[in-house]
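Quick note on labels: first sequence line is chain A, next is B, and so on, each numbered from 1.
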Amino acid sequence: MDEERVVEELKARLGAAILEVKVPQRRRVFITVDREHYRAALEVLREAGFDHLVAITGIDTGDHFEVIAHVGRTLVVSVRAVVPRSDARIPSLIDLYKGAEFYERETWEMLGIVFEGNPRLTRTFLPENWPENVYPLRKDYEGG
Amino acid sequence: MRMLRDVLWNLFKGRATVMYPEERGSPPDNFRGRLGFNRDECIGCGLCHRVCPASAIEMENDGRGARPVFHIERCIYCYLCIEVCPTKAIKPGKEYAVVTSRKSDLVVR
Amino acid sequence: MKLLTRLVNWGRSRSLWVLLINTGACNACDIEVIAALSPRYDVERFGVLLKGSPRHADVLLITGAVTRQVRDRLLRIYRQMPEPKYVVAVGTCAVSGGVYDRCYNVYKGVDEVLPVHAYVPGCPVKPEAVIEAISVLRRVIERGEFNGRGKGG
Amino acid sequence: MGVYIPVGPQHPIHPEAILLKLKVEGEQVVDADVDSSFVHRGIEKALEHKTWLQGLYLVERVCGICNVAHSTCYTLNVENLLGVEAPTRAQYLRLVVEELARIHSHMLWLGLLAHLIGFQSLFMLVFRDREKVLDLMEELTGNRITTAYNVVGGVRRDIDPALEHRVRSTLEELRGRVKRYRKLIEEDPSVRARTVNVGILERSEAEELHAVGPVARASGIKYDVRADDPYLVHDEVPFNVVTLETCDAWGRAMVRVEEVLESIDMIMYSLDHIPSGPIRKRVPPVFKVPPGEGIARVEAPRGELFHYAKSDGSERPYRYRMRTPTLANLAALVYMLRRGDRAVYVADVPVIFGSIDPCICCTARVFVLDERGSRVLNLEDLGRSRGR
């Protein structure tokens, strides 16, 4: 499947829910959806044969958070969802991609984004004496 | 039987060990060891201080202007400073077995 | 009595058993310490044995800037070692934190946590430097410095 | 009612600080968990404080063994964002060093496997031969392990004919040795007894858990970033993706040994076909990267390595994220230890653990362990309870 076919397929299935499409180079597709269609977009991709979840990235852009799920083996599609700072929640992908558990927990711990449906969002990765509600990858954390 | 062959082969192969403190081979030409510094060639531009990834270079005023001080205890031997130095005042070195019990020994001025 | 002390020091300096612990290193120094045990460098020539338990070890080889999580474990391992005990900081990040100076989860070097007897800078150290550290330690022990309790207790 | 055994964070089987929590009944493992937070340093945050060029040297020190893979991935990513492409000769040289690092890593792993199964003479032999690869690395790049070879825009040092000749002759010698080790792993009864049918991971399970690298390939998944998403000049240098269907620790060992032979062929081919020309495009030491984002993937010795970069137009990264192969494989590791349909014995744990070639320092930067609230005894607690 090449870049154009993927984009067409996604547009056909999701329509106006896709806010932005970028193909910066070969074999790379970035799409942006709103939070409500994040799971739907990944369901479409899963059905289209993107069975390998490469990673989940969380970004703090200052006024909101972004969660990016990168899927695919040859062609990597990155699905970006925008999450407001005041309500940092997003549905989990754990039933679609079993390996999502660890990536989501990392994002939760580093940025404080809650993945609804992930059963094990527990503090485990930062040291035991790390203070509550401090997330090191947020831009307002001044450590290091 | 095959084992015997291996044993004999290894027996006549000579030893693999380099008797280190007595036998010191010299490292290859490209080797990145502890760096040296020639204060007279330095023009005090501070470029090395700006690029150092490990903040191992401090600038210190010695009367002639700002001159770098190299903290080898923080140096990661990436040789970025040698690459950017416009007058080649920072010299590559080959010394690699540096051991000390005082950190203050590890400063190159 | 003095002769006995010298004899003990002589014996000690020739059978340093080491414990290698990674406190947040990038692995490069660990494999170089392991390489020092391999046929090419063979530190066993100096009576050095790599041990698995702190209770058997005289020398603690520490690689890596000490992370917050590992600090208490490191102290516990140190307390479990029998006296006299020696600490060697292997690699630039164990000496001073090195390139991890802006990381929020590390201490700047082993000496913020434990007394250190020998610093071996290098990124990573060469196996030769590990051997050099052992021989420096041997000379120091033979001279009777750091006798009895380790420096700073 | 099971008993918890902690393995680590300081343990003879593995020098790296990792805590394996095993719940055992008798000799059998019934539950397992991994805690690798001991080596978490916070590199992703620290990268935001460094300039793009300084970041390269920090990224190299995420992991000492896969430093070439990390720096290749980082430079590819930054070059993409900058719109700079390294000269072809530099790309070939990068490939040579990358494959040398793979040979080194796989041989190191083979030595550790021999150590784990108690085959000390194989450990010594492999480590003796590994030194030859390290010598080549030192001559080529200036350091045995942390190479600092890749720079944004190319590579640092060129290869001269004398060195090229030495690389060829050393690798030719090494090829014979590695073939010998391959035969040994295939036939030696003690190696087979400890690895065949140990640590089973079926193909469907490996796919579901997103296993990567030799772990996936030993389970029959033909997935290799070098072939599926070629970077550098991997589309010009021919090689085979080695796969096996045995799905066990033995298969992982064989895949790695075969990959060493493939890497040797790749280096030979590259040296034959390397074009002449410049090796580096000059990039100023402090540079600004235009706003944008990008991802880069390379095949590290342990599997697929993924980097994501976001720039806001300044001289420092806005966000840099790394996903290392061991993180992807740890889910598979925990699954292999936990699986209910097959008995897993405590004595096999080191081999299973070792078979994924864990690189904790890579992972701990990002890894989240899962803990189920049960009290876990540590070594000291165990000693104390015995004493009372």
Original post:
So what's closer than 4.5 Å to chain B heavy atoms on C/V120: side chain, backbone, both or neither?
Top reply: both
Original post:
Where on C/T92 is there a heavy atom nearer than 4.5 Å to chain B: the side chain, the backbone, both, or neither?
Top reply: both
Would you mind checking if [Y] and [X] are paired as a salt bridge, meaning a charged N to carboxylate O distance below 4.0 Å?
X	Y	value
B/K91	B/E41	yes
B/R39	B/D62	yes
C/E142	C/R14	yes

**OP:** Could you tell me which of B/C52, B/G33, B/A56, B/C75 has the largest number of non-hydrogen atom pairs under 4.5 Å with chain C?
**Re:** B/C75
**OP:** Report yes or no: is the cationic atom of C/K126 (NZ for Lys, CZ for Arg) closer than 6.0 Å to the six-membered ring centre of C/Y41, at no more than 45° off its axis?
**Re:**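 The answer is no, since C/K126 fails at least one limit relative to C/Y41.
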